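Report on the structure given below.
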Amino acid sequence: MTENDKHTADRAVDAATTASTDSTHINPYAVIAGSEFHSRPESRMDLVERILNDPRMHDHREGFLSCLQCGVCTSGCPAARFTDYSPREVARRAYEGDPSLLEDDTVWFCFYCYTCQSRCPRKNSVAVINQVIRSMQVESGYGIKHVAMFAAWGEQFYDKGMGGTPHVFFGDIAEAWGPKWKEFIANRDALREEIGVGGMYPSEPAVHEVRAIMERTGFKARLESLGAWGGHRPDDVE
């Protein structure tokens, strides 16, 4: 190496040393980022515990607590494809105990296909988390607007022992399926008798058993809170 080459190499080393100590020339890839994982605020732990302790979460507790936020649940979710609902976001917010979930209407777009559960590498189930969150919303009164339409189905179940087709839905179904459906409903009992399959509804003793179950489990009272049989509904629910 000539003397000139040596001076050139020394200048290159000096320049590199200066750059490494100059904050404007720090290599961003050489800096380890700070952790973005923080402890949940104590005020949010109540919601987390309520989710964890719900019986429906029995097989999904560990999956819930070890969510990777990989997004595979959202990538395969049919509802996420067409709405603002995001299973991944729900899983994150539930883990953080985010109270805004209790007034989030997007969780009602989930229709429990369980694609999220079947694909999750941690065996988490956002579908089950949604079931728990929805129940909390109904208990608080906020979610009643999403389930009040089904109160008529519950009335029918209590009165006749099975869901049947509540009259409140007749208009919409008839419009979708045409006059043939309405004609079939009007003559259904006669048609069943003609082909020998008997009545459509359970026996009276069976109906009494169904009623006893609905009363003792509090389900009848829940239906009344939704407006069944003209029951009282909270003033703040539209």
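All values derive from a computational prediction rather than experimental measurement.
The 12-atom threshold is not exceeded at CD of Glu175, counting heavy atoms of other residues, nucleotides or ligands nearer than 6.0 Å. The 12-atom threshold is not exceeded at CD of Glu183, counting heavy atoms of other residues, nucleotides or ligands nearer than 6.0 Å. In this structure, Glu193 places its CD atom where only 12 or fewer heavy-atom neighbours from other residues, nucleotides or ligands lie under 6.0 Å away. More than 12 non-hydrogen atoms from other residues, nucleotides or ligands lie less than 6.0 angstrom from CG of Asn187.
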Met214 vs Phe157, side chain to side chain contact (heavy atoms under 4.5 Å, CB included): CA-CA, chis, key distance, verdict: CA-CA 9 Å; Met214 294 178 73; Phe157 204 96; 3.9 Å; yes
List the steps, then state whether side chain to side chain donor-acceptor pair (under 3.5 Å) holds for Tyr85 with Asp104. CA-CA 10 Å; Tyr85 167 64; Asp104 189 334; over 6 Å; no
From CA spacing to verdict: side chain to side chain contact (heavy atoms under 4.5 Å, CB included), Leu226, Val138: CA-CA 9 Å; Leu226 302 180; Val138 173; 4.2 Å; yes
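Smallest separation of non-hydrogen atoms from Gly198 and Arg192: O-NE, 3.1 Å. Arg44 approaches Pro99 most closely through the heavy-atom pair NE-CD, 3.9 Å. Ala91 and Phe64 get closest at one heavy-atom pair: O-CE1, 4.3 Å. Scanning both residues, Pro202 and Ala206, for their nearest heavy atoms gives CB-CB, 3.9 Å. Annotation for Thr74 and Ser86: closest pair OG1-OG, 3.6 Å, computed over non-hydrogen atoms. The two residues Trp229 and Glu155 have their closest heavy-atom pair at N-OE2, 2.9 Å.
Within the model, atoms CG of Leu68 and CG of Asn124 stand 9.5 Å from one another, a figure rounded to the nearest 0.5 Å. Atom CD of residue Gln131 and atom SG of residue Cys110 lie 7.5 Å apart, to the nearest 0.5 angstrom.
Side-chain atoms of Met162 and Met200, non-hydrogen and from C-beta on, do get closer than 4.5 Å to each other. For the pair Ile51 and Met136, the minimum side-chain heavy-atom distance is below 4.5 Å. Val207 places none of its side-chain heavy atoms less than 4.5 Å from the side chain of Lys160. Contact annotation: the side chain of Tyr158 approaches that of Glu215 to within less than 4.5 Å [non-hydrogen atoms, C-beta and beyond]. The side-chain heavy atoms of His60 and Ile129, taken from C-beta on, include no pair separated by under 4.5 Å.
Remark: Glu96 does not engage Arg93 in a salt bridge, criterion side-chain N to carboxylate O under 4.0 Å.
Taking the ring centre of Phe184 as origin, the terminal cationic atom of Lys180 falls outside the region bounded by 6.0 Å and 45° from the ring axis.
With hydrogens and angles ignored, the 3.5 Å screen pairs no side-chain donor or acceptor of Arg119 with any backbone N or O of Cys73. Between the side chain of Arg122 and the backbone N or O of Glu62, no donor-acceptor pair lies under 3.5 Å. Counting only distance, with no hydrogens or angles, the side chain of Thr106 and the backbone of Asp84 share no donor-acceptor pair below 3.5 Å. Formation of a donor-acceptor pair under 3.5 Å by the Arg134 side chain with backbone atoms of Gly143 is not found in this model.
For the pairing with Glu49, the side chain to side chain contact (heavy atoms under 4.5 Å, CB included) check across Leu47, Asp46, Asn53 returns one residue only, Asn53.
Under a hydrophobic clustering in which Ile, Leu, Val, Met, Phe, Trp and Tyr are joined whenever their side-chain heavy atoms come within less than 4.5 Å, directly or via other members, Ile185 and Leu191 fall into the same cluster. Note on Val126 and Leu65: same hydrophobic cluster, where clusters join Ile, Leu, Val, Met, Phe, Trp and Tyr whose side-chain heavy atoms are under 4.5 Å apart, directly or indirectly. In the hydrophobic cluster analysis, where Ile, Leu, Val, Met, Phe, Trp and Tyr join through side-chain heavy atoms closer than 4.5 angstrom, Val147 is grouped together with Leu102. Residues Ile213 and Trp153 are members of separate hydrophobic clusters, defined by side-chain heavy-atom contacts under 4.5 angstrom among Ile, Leu, Val, Met, Phe, Trp and Tyr.
By the 30° and 60° cut-offs, the orientation of the rings of His146 relative to Trp108 is parallel.
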